[in-house]
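Comments concern the structure below.
Predicted model, so just to flag it, every value in this text is computed and none were measured. Chain identifiers are assigned alphabetically (A, B, ...) following the order of the sequence lines, protein sequences preceding nucleic acid strands; residue numbering begins at 1 within each chain.
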Amino acid sequence: MAPKVLMVAEKPSIALAIASALSGGRMSTRRGSTEVHEFDGMFLGFPVHYKVTSVIGHVFSVDFPARFQDWNSTNPLDLFDAPIVKSESTPKAHICRHLSQEARGCGHLVLWLDCDREGENICFEVIECTGFQSTPGKKVHRARFSAVTEKDILKAMNSLVEPNKNEAQAVDARQEIDLKVGVAFTRFQTSYFNGKYGNLDSRVISYGPCQTPTLGFCVRRHLQINTFKPEKFWTLHPYIMYKGYELKLDWQRHRLFDSDVTQMFRNFVKEDGFLKVIGISEKQVSKGRPTGLNTVNLLKVASSALGFGPQLAMQLAERLYTQGFISYPRTESTAYPASFDYKGTLGALARNPVWGDYVQQLLSDGYHKPRSGTDAGDHPPITPMSSATENILGHDAWKLYQYICQHFLGTLSPDCKYTRIKIEFESGGESFYCVGQHVLVKGFTSIMPWLAVTEINIPQFTEGQKIDISRIEVDEGSTQPPDYLSESELISLMEENGIGTDASIPVHINNICERNYVQVQAGRRLVPTALGISLIRGYQLIDPDLCLPDIRSFIEHQIALVAKGQADHSLVVEHVIEQFKRKFIYFVKQIENMDALFEAEFSPLSDSGRVLSKCGKCLRYMKHIPTQPSRLYCGTCEEIYYTPPKGTIKVSHISPELYKELTCPLDNFELLIFSMPGPEGKSFPFCPYCYNNPPFEGIDNLFGASKSSGSVKLGKGAGMPCFLCPHPTCQHSMISQGVCACPECDGTLVLDPVSAPRWRLYCNMCNCLVSLPEGAHRISTTRDHCPECDSTIIEVDFNKKTTPLKDGATLHIGCILCDELLYSLVEMKHGKSFSRKARHRGRGRGRGRRGYSGRGRGGKKQHDPRMSFRDF
DNA sequence: GCAAGGTC
């Protein structure tokens, strides 16, 4: 039997490409943890049986042993000297087992991992899994390829080398440093601040040598904006009327920061009264077509032009890739490989309904060879692979795909060429100019129209010519602060400073968003939060190194020494860890400097509000902030809901019988019970959302609103409790809880749900109070109405010992006005009359309560037919 | 509950 050769790639797609290239497509494929492609061929001059499979990225990742995992019993400082362990990154995938099985019986191992440091590190992970190193007679080879093309694969196969231990160890070093530094600082900060403040809005206050400088960029811009001092400036613009054009000329000085001097120049010009043409220059300008598209540039365009965050953009790109519409989307290269099949790719797009015509033209007129770009030796630039339409891809994926196609076609199109004419004028010793532009060749801008050069028409002038000035304008302006950092700018900064990689940049940006250090606002601009600002300013006070991008370059520089074999792995790790350990000790010692900033922004655990009730939008818990103005804050939705002032607020399940439905049927918000202070203070349920946004129009009697002005204002603390809500079926609404009309005003007497054992009714508009039979277990309203007076029938569950009912019965149902027993037990507390004389079907609930109309949250026109005490 | 780096 022929000897066996195992070949391992970094991902399944590369394994497939290698096997296809080496077998000429004649291979068999079977499934496993990852696919295995098999075929026969020649290796080092001998016939062999090949098996090509892959890992899925790193096989292992580093962590601390179990005894260091407990946050409470581990001092973060000890983490610097703790051992680290490698364990399988995705245990469920059983990659290690897979490799070990496939390696059995193989005499050669060929490593086809990506040709970068990480790939070199994975080489040794694979070697470890296969057990090749420790088995004598087994040989390990490294294939070094610069592109996944047949030519490069064959070339690599003929020049196999050995894996580079130094490069692999550099990655080991980075892993250990990142782990120890990141986890130690994160645990310390989190425990310190989360143990002290209640409203930090992040479960974990993380630190990392990539994420923290990333945040640092956003905060630096914020501070620039905040400290910006605008300055006034003035510009001078003479106008001329010439050959039917009115031209506004620009000033050679552009602008001056002195009004008087500007005026002085204006007067000089005005005295002259005309402009003299002193120069005409015309030149041809070329605007170059783009180079091939790499990941970072795709992410920038996706964010700035398409509005997709990096995370989403990569998800979409990944999908387009696996569906065969685009090439591999993670690449640093902007240069196409020499072997790139432009014709084939163009051919694939030739019948696309959107740009098919353009492609055909490129094919017939001859496309241009792309500009050179840079070759990072990883993958070719991102290009389309097959034609698609919006219907196939869906809106978002289509947008991204469309851009990739346009960019690709742009790289093969001519440069854009235009002429630029500049006319220079002189007047009163000052120089002015105007510029005209005329496009000669649209080139790539016809497929990327947003980059088009605008046509600017100006009339012809002759040198020495004098033209009268029609008017002179002095424009006043002021310097503007920069805008918040756009995501696209942030990506550029990260790339320039070596923060993260094409694959991890989206993750870092996502991290600082998820931890609530920044928020993505309109135009995908990153605005830091109080938390983000406090952190960075804190580092700036204690040890600015911690949040500067140099921290990453420092680590990179140190491990580069290992990669180049100029320094020993463990010595470098030891040295770097020792430095960070010192920084950590100092940071802990100085934490009060950062804490002072937190103290100014956040509230101590004790009074910063406690988690209270669920938000109906995100279903997470909101916090109640009892300090004035009393309010609820949903950290997820970042919404504030004011609550009734001056009282206590509890979740509604304190009265389980009544509040089986704990949420508002209109918006899912958890209901709360508000109790006014004092023995006679009324209590009522309210929905935080409805209270602030009354769902039915025409509610003109809000709780807590000042009634002086006539019109009712929704303001801090004023709102609509359930007892004003006309919802037809919710058991907490006025319709359900209302018993009868108020004898004193236009209001309705509603049942106080938590008044046991001294049950009572109160008016939802005035302070009329009616006490109900005392000592009842439970009093609740029913859906029935009294046939006599239309009041709501109530159900009373008397106490066994004190029940007034015969034979010790406890349950009694009736109308408080018409039922003899109940009527004898109710008593007017505040208010003039409580009489049942002369009752008749009344006016419902009085004036001003008609005309409720739903606003799409259910409920149509409501009319409460109940009787009033008032009319007796 | 924690980092950053692969890849899906």
Side-chain angles (χ1 to χ4, degrees), chain A residues 9-15 33-35 54-64 68-72 74 76 79-80 82 84 86 88-90 92-93 95 113-126 167-168 170-195 200 202-214 295 311 314-323 328-331 378-379 494 498-512 514-515 546 551-552 555-556 559 577 580 584:
Chain A
E10 193 158 319
K11 42 189 167 278
S13 61
I14 303 235
S33 287
T34 56
E35 282 188 338
S54 75
V55 293
I56 312 166
H58 273 288
V59 184
F60 299 107
S61 58
V62 290
D63 206 342
F64 294 108
F68 291 91
Q69 295 294 356
D70 183 61
W71 286 46
N72 293 320
T74 307
L79 294 173
F80 289 99
I84 54 165
K86 280 200 174 195
E88 265 192 280
S89 320
T90 38
K92 281 184 191 157
I95 297 294
L113 291 122
D114 291 359
C115 293
D116 51 25
R117 255 183 227 163
E118 296 296 330
E120 221 57 35
N121 185 268
I122 303 175
C123 282
F124 287 86
E125 296 184 342
V126 172
E167 291 205 343
V171 172
D172 284 338
R174 198 217 67 232
Q175 289 177 342
E176 182 167 353
I177 295 163
D178 285 346
L179 176 75
K180 289 185 168 175
V181 174
V183 174
F185 276 88
T186 299
R187 283 195 194 172
F188 169 69
Q189 287 183 169
T190 304
S191 308
Y192 185 88
F193 290 118
N194 264 343
L200 290 182
S202 185
R203 211 175 24 146
V204 58
I205 314 296
S206 57
Y207 176 86
C210 284
Q211 58 172 269
T212 304
T214 302
T295 307
Q311 204 87 4
M314 283 318 286
Q315 279 167 18
L316 294 169
E318 196 74 47
R319 217 177 71 212
L320 288 169
Y321 163 64
T322 49
Q323 292 174 340
Y328 190 67
R330 272 191 292 267
T331 177
D378 47 357
H379 298 269
M494 292 175 76
I499 307 289
T501 65
D502 50 2
S504 69
I505 281 173
V507 180
H508 299 312
I509 297 181
N510 203 46
N511 266 342
I512 61 171
E514 270 192 348
R515 305 268 156 82
L546 291 173
I551 202 135
R552 192 76 204 151
I555 296 174
E556 288 293 332
I559 65 164
I577 291 293
F580 275 105
F584 180 80

By side-chain hydrogen bond (donor to acceptor under 3.5 Å, both in side chains), which residues pair with A/Gln311, not counting sequence neighbours?
none
Holding to side-chain hydrogen bond (donor to acceptor under 3.5 Å, both in side chains), I want the full list of residues that pass it with A/Thr322, two or more places apart in sequence or in another chain.
none
If you look at every strand shown and take non-hydrogen atoms under 4.0 Å, does A/Thr322 touch a base, only sugar-phosphate, or nothing?
nothing
Just by modelled atom types, is the A/Arg187 backbone N or O under 3.5 Å from a matching donor or acceptor in the A/Ser191 side chain?
yes
Can you list everything that forms a side chain to side chain contact (heavy atoms under 4.5 Å, CB included) with A/Thr186? Sequence neighbours excluded, please.
A/Thr190, A/Val204, A/Ser206, A/Tyr207
Partner set under side chain to side chain contact (heavy atoms under 4.5 Å, CB included) for A/Glu176, not counting sequence neighbours:
A/Ile84, A/Lys180, A/Val573
Taken in chain and number order and not counting sequence neighbours, the residues that satisfy salt bridge (charged side-chain N to carboxylate O under 4.0 Å, His left out) with A/Glu125 are none
Does any residue of residues 113-125 of chain A have a heavy atom under 4.0 Å from DNA chain B, and if so, which ones, in number order?
A/Asp114, A/Glu118
Leading and trailing nucleotides of DNA chain B with any atom under 4.0 Å from heavy atoms of chain A:
B/dG1 to B/dC8
Nearest 0.5 Å, what's the NE2-CZ distance between A/His379 and A/Arg330?
8.5 Å
Result for 5'-nearest mapping on DNA chain B, choosing between A/Arg174 and A/Ser191, is A/Ser191
Using a cut-off of 4.0 Å on non-hydrogen atoms, how would the nucleic acid contact of A/Arg515 be classed: base, sugar-phosphate, or nothing?
sugar-phosphate
Restricting to side chain to side chain contact (heavy atoms under 4.5 Å, CB included), what partner residues turn up for A/Asn72, sequence neighbours left out?
A/Asp70
List the residues meeting salt bridge (charged side-chain N to carboxylate O under 4.0 Å, His left out) with A/Glu556, not counting sequence neighbours, and say none if there are none.
A/Arg117, A/Arg552
Hey, does A/Tyr207 reach any base, or is it just sugar-phosphate, or nothing, if we go heavy atoms under 4.0 Å?
sugar-phosphate
By the 4.0 Å heavy-atom rule, please label A/Pro76 as base, sugar-phosphate, or nothing.
nothing
Categorize A/Gln175 for me: base, sugar-phosphate, or nothing, with a 4.0 angstrom heavy-atom threshold over every strand shown.
base
Looking across every strand, which nucleic acid part, if any, lies under 4.0 Å from A/Phe68 by heavy atom: base, sugar-phosphate, or nothing?
nothing
Along DNA chain B (nearest heavy atom to each residue), the more 5'-positioned of A/Val181 and A/Val507
A/Val181
